[in-house]
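Below is one structure; the comments refer to it alone.
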Amino acid sequence: GRSFDGVKARYAREKFFVDGMAARVASRKTGSSTTGSDLYGVYAQAAPRKGSEYEGYLLLFSDNIEVAGEMGIPGDTSIYALGGRAKDRFGPFDFSAEAVVQSGEFRGDDHAAWAAAFQAGGNWGEAWKVRPFAGYDFATGDDDPVDGDRQEFFNFFPTNHLHYGYADYEGWRNIRSPYAGVSLSHGRYVTQLKVHRFMLEEEAGAWKDAGGNVLGFDATGESGVNVGREFDLTCRFAWQEKTTLEAGFARFEPGQFARRTRGEDPSHWAYLMMTVGF
């Protein structure tokens, strides 16, 4: 397993702060740092009113590890990401929107990519609270795996299942994904149902899971872009002040691309989790 060793400094005002950070991935087994995998960044947030967040950030990832790229020539990775995010609410309605562009080198290949995400929802009720919501996730994919130019968005160090399904078959890369859902809360109970539709942004690009492993690939593009859809149901109970119980179930139904490159059977995932705070 791995964790981050790093440092962060913050300058803060009443409704504004700026963070500067530097971190390196370290091994939990040995306690030593890895070669490379460095992350540097500047992150700023303004909150002009309650419930609002307006953010901007600049990140640099560098690994200093030479790996063969698309042309078979070894090179290291240095990727810059410039992005912004807005979150706000107006009466019962709320929204969030984020966009980020990347440039640099990935394993010595020229890297240029971008991604965006948007969600809007509403909140109604008092004792029983209902929140319907819908959104769209997008990230570029690579159209040619051997040309020395990489357009697949780099997902940094993700925790993706909250955003792209608990089956962990998707990450923020080569994706076009509309989704919709509804959550119902009452007292200490929260239940949510969410439905995702997954499509490739680039039909000749790879389908990769949350960890970046290739699940399907068709360089000809003849398998289409329909990866499939996923249904996620989660239930959470605040048992004690700092103790939460959560259960979840996910079903992934393969589309044409997934059936041709990986198989026709649907997948299921279930979990039970307890979180204890101190």
Side-chain angles (χ1 to χ4, degrees), residues 10 12-21 39 41-61 79-104 111-124 129-141 151-166 168-183 185 190 192-202 205 208 210 225 227 229-230 232 234:
R10 170 171 290 188
R13 306 287 289 181
E14 182 179 358
K15 298 182 179 180
F16 174 79
F17 70 80
V18 179
D19 287 341
M21 61 181 179
L39 182 67
V42 177
Y43 182 93
Q45 181 187 101
R49 57 183 175 274
K50 184 178 180 180
S52 68
E53 297 175 357
Y54 291 87
E55 303 168 341
Y57 53 87
L58 175 64
L59 302 174
L60 167 62
F61 171 84
I79 294 178
Y80 297 88
L82 177 64
R85 175 176 173 267
K87 177 183 177 181
D88 214 331
R89 62 184 308 150
F90 302 93
F93 302 101
D94 61 76
F95 80 93
S96 64
E98 183 172 5
V100 56
V101 294
Q102 294 180 339
S103 64
H111 177 84
W114 71 281
F118 177 80
Q119 184 183 112
N123 301 271
W124 289 276
K129 298 179 181 180
V130 180
R131 171 177 160 75
F133 60 91
Y136 190 85
D137 295 313
F138 173 90
T140 54
Q151 296 89 34
E152 180 182 292
F153 189 76
F154 183 69
N155 206 182
F156 289 97
F157 303 97
T159 300
N160 280 327
H161 49 255
L162 179 65
H163 305 287
Y164 316 115
Y166 282 85
D168 278 347
Y169 282 163
E170 292 288 340
W172 207 15
R173 56 172 77 83
N174 195 23
I175 186 176
R176 291 186 287 124
S177 177
Y179 62 87
V182 61
S183 64
S185 61
V190 179
Q192 178 177 284
L193 175 65
K194 188 177 181 183
V195 182
H196 304 261
R197 170 75 186 280
F198 298 127
M199 297 173 286
L200 301 178
E201 188 278 324
E202 174 52 60
K208 297 182 180 180
V225 298
V227 176
R229 58 184 178 179
E230 182 173 328
D232 291 328
T234 55

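All residue numbers in this chain count up from 1 along the given sequence.
Annotation: the span from Leu59 atom CG to Leu82 atom CG amounts to 9.0 Å, rounded to 0.5 Å. Atom OG of residue Ser52 and atom CZ of residue Arg89 lie 11.0 Å apart, to the nearest 0.5 angstrom. Rounding to the nearest 0.5 Å places CZ of Arg176 at 10.0 Å from CD of Glu202. Going from atom CG of Asp168 over to atom OG1 of Thr159 covers 9.0 Å, rounded to the nearest 0.5 Å. Here the straight-line distance linking atom OG1 of Thr234 with atom NE2 of His161 works out to 10.5 Å at 0.5 Å rounding.
A donor-acceptor contact shorter than 3.5 Å is absent between the side chain of Glu152 and the backbone of Gly205. Judged by distance alone, the side chain of Asn155 and the main-chain N or O of Trp172 form a donor-acceptor pair under 3.5 Å. A donor-acceptor distance shorter than 3.5 angstrom exists from the side chain of Glu230 to the backbone of Tyr166, with no hydrogens or angles considered. Remark: side-chain polar atoms of Lys87 are not paired, donor with acceptor, to backbone N or O of Ser96 under 3.5 angstrom. Checking side-chain atoms of Ser177 against main-chain N and O of Asp137 turns up no donor-acceptor pair under 3.5 Å.
Side-chain contact between Tyr164 and Tyr169: absent, with no pair of heavy atoms (C-beta onward) separated by less than 4.5 Å. Counting only heavy atoms from C-beta outward, the side chains of Ser183 and Lys129 never approach each other to under 4.5 Å.
Residues Thr140 and Ala113 approach most closely at OG1-CB, 3.3 Å, considering heavy atoms. Smallest separation of non-hydrogen atoms from Val100 and Ala81: CG2-CB, 4.0 Å. The two residues Asn160 and Ala210 come nearest to each other via the heavy atoms ND2-O, 3.5 Å. Across all their heavy atoms, Ala44 and Val18 have their closest contact at CB-CG2, 3.9 Å. Closest non-hydrogen pair, Ser185 versus Val190, comes out as CB-CG2, 3.8 Å. Across all non-hydrogen atoms, the minimal contact from Asn174 to Gly141 is OD1-CA, 3.5 Å.
More than 12 non-hydrogen atoms from other residues, nucleotides or ligands lie less than 6.0 angstrom from CZ of Phe95. Sparse packing is recorded around CZ of Arg13, with 12 or fewer heavy atoms of other residues, nucleotides or ligands lying under 6.0 Å away.
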Q. Which is it for Phe138 and Trp114 under the side-chain contact (heavy atoms from CB on, under 4.5 Å) test, yes or no, and what are the steps along the way?
A. CA-CA 9 Å; Phe138 173 90; Trp114 71 281; 3.3 Å; yes
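Looking at Asp88 and Tyr54, their side chains do bring a donor and an acceptor atom within 3.5 Å of each other.
Using a 30° and 60° split on the angle between ring planes, Phe93 and Trp124 fall in the perpendicular class, above 60°. Between Phe154 and Phe156, the two ring planes are perpendicular [angle over 60°; tilted spans 30° to 60°].
Under the side chain to side chain donor-acceptor pair (under 3.5 Å) rule, Tyr179 has a single partner from His196, Lys194, Gln119, which is Gln119. Checked against Gln45 for a side chain to side chain donor-acceptor pair (under 3.5 Å), the options Glu55, Lys15, Arg85 give a single hit: Glu55.
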